[in-house]
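The structure appears right after this line, and notes come after that.
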There are 2 protein chains.
Amino acid sequence: MIKFILLGFLNYGQMTGYDLKQAIDNSTAHFWHAHHSQIYTTLRDMEKEGLVTSQFIKESGQPDRRVYTISEPGKQSLGSWLDQPMTEMSPIKEEFLVRIFFSGQRDPQKVISELLLQRELHQRQRAVYHSILHPIIEKNVEIMPGLAREAEFWHATLQMGIGYEEMYLEWITRTIEKIEGL
Amino acid sequence: MIKFILLGFLNYGQMTGYDLKQAIDNSTAHFWHAHHSQIYTTLRDMEKEGLVTSQFIKESGQPDRRVYTISEPGKQSLGSWLDQPMTEMSPIKEEFLVRIFFSGQRDPQKVISELLLQRELHQRQRAVYHSILHPIIEKNVEIMPGLAREAEFWHATLQMGIGYEEMYLEWITRTIEKIEGL
DNA sequence: TTCCTCATGTAATCAGTTACATGATTAA
DNA sequence: TTAATCATGTAACTGATTACATGAGGAA
């Protein structure tokens with residue numbers, strides 16, 4: 001999966017592993033994240049497979065960089081991945097729900113304070129979407145108007161993020177009320 | 001993680017690996033699933049750690065079964081895991097959003113048909129929550145009224161599932177409209 | 001002088017998936 | 001006779017996380 005994210009970004013232009021990490025952190029990380037260690041090793045593997053090529057650039061003063069470029073087979077691999085539709089839903093792994101599921105015998109006050117903590121985190125995440133990610137997309141379109149169409153799709157994923165956080169926050173409110181009513 | 005799910009169920013009563021698989025499929029699988037292979041190997045590891053004990057029961061006619069029972073250390077492990085609050089949000093891994101994110105250069109009709117396919121799947125999932133999972137909880141409470149309190153928490157996770165699917169379906173509708181408007 | 005950013009990697013480990021493997025009973 | 005359910009396991013592999021490791025430049 002991370003392979004296709006890397007191909008997706010490299011399809012916009014050549015980048016280093018470091019750049020890719022930044023790009024992911026500012027966008028897809030909110031629905032698919034990766035550690036730098038995974039990014040670097042995956043790029044190596046992809047080069048062996050012929051999906052990307054790299055040039056090592058010696059910098060004087062700054063650290064050396066390895067710049068990756070997508071190849072023709074890489075573009076085809078990305079394209080055919082995108083063209084074969086997903087026939088299943090993504091599985092969900094939500095640890096917090098596991099905790100709630102098994103909280104029947106716990107002190108309700110402890111459960112409520114955990115819910116309040118999660119509320120805090122999800123409010124912060126919603127704010128990140130509004131005040132950080134939204135402006136980043138806008139800025140990208142400003143400096144590269146050719147990406148206007150792409151930006152519509154980036155916004156779509158952002159809207160899901162906001163919708164998710166809003167739903168989550170409403171659920172927290174309802175769940176706190178439910179526990180208080182027990 | 002799966003360890004605590006197994007402990008959580010075994011805390012309700014002794015079960016086999018097979019029983020646990022069924023229990024998970026009918027409940028937590030919607031926010032944390034596991035394959036039988038992982039369940040069996042994890043139970044073995046847990047026995048080595050002393051969190052559970054097992055008895056092998058030879059059946060005549062039916063297949064033999066290995067029944068697991070939670071131990072005192074197992075109960076403590078579960079309790080202390082539940083008592084240390086989650087200070088982070090669960091990371092999301094949603095492949096479909098990756099596909100949407102990188103769909104800027106794709107044929108809009110193909111993207112829309114993928115969205116329609118996902119709508120189908122999420123509608124089905126919402127129906128599963130209403131027509132299968134809800135009745136299962138109700139039935140459990142009927143046959144074991146002592147689980148009434150637990151059931152409130154099970155319902156809470158179910159409500160999140162329903163909220164999630166509803167949010168997802170609304171997002172799909174909005175996204176289709178957006179793409180049609182391009 | 002301490003921390004942050006830039007920049008890249010390896011190694012060890014863990015969690016999770018897929019595939020392989022067996023075999024009886026019961027219902028359609 | 002075919003498929004589903006009951007029932008348990010091992011092995012290989014992949015994907016992902018955590019830890020280890022280095023080092024320069026610039027800002028506070």
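Chain identifiers are assigned alphabetically (A, B, ...) following the order of the sequence lines, protein sequences preceding nucleic acid strands; residue numbering begins at 1 within each chain. Keep in mind the model is a prediction, meaning the values are calculated, not measured.
- When the side-chain nitrogen and oxygen atoms of B:Tyr40 are compared with OP1 and OP2 of D:dG9, none of them lie within a distance under 4.0 Å.
- Aromatic ring orientation, A:Phe101 versus B:Trp154: parallel (interplanar angle below 30°, classes split at 30° and 60°).
- Looking only at atom types and distance, the side chain of A:Arg66 has no donor-acceptor partner in the side chain of A:Thr16 under 3.5 Å away.
- A pairwise comparison of heavy atoms in B:Asp83 and B:Pro85 identifies O-CD, 3.2 Å as the closest pair.
- Remark: B:Arg99 is positioned above the aromatic ring of A:Trp81, its terminal NZ or CZ atom under 6.0 angstrom from the ring centre and at most 45 degrees off the axis.
- D:dA24 atom P lies 19 Å from atom CZ of A:Arg65, rounded to whole Å.
- Defined by atom type and a distance below 3.5 Å, a donor-acceptor pair is present between the side-chain atoms of A:Glu94 and A:Tyr168.
- For the pair A:Ile39 CD1 and C:dT10 P, the interatomic distance rounds to 15 Å; values are reported in whole Å.
- The CG-P distance, from A:Asp19 to C:dT5, rounds to 16 Å in whole Å.
- The interatomic distance linking B:Phe56 (CZ) with D:dT8 (C1') rounds to 8 Å, in whole Å.
- A salt bridge links B:Arg106 with B:Glu114: the closest approach of a Lys/Arg side-chain nitrogen to an acidic carboxylate oxygen falls below 4.0 angstrom.
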Check: How would nucleotides 16-23 of chain C be written as a contact map, 5' to 3', with B for base contact, S for sugar-phosphate-only contact and - for no contact, using protein heavy atoms under 4.0 Å?
Finding: SBBB---B
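- Checking A:Thr41 against A:Gln62, the closest nucleotide of DNA chain C that is more toward the 5' end is the one next to A:Gln62.
- Spacing between atom CE of B:Met15 and atom C1' of D:dC6 amounts to 16 Å, rounded to whole angstrom units.
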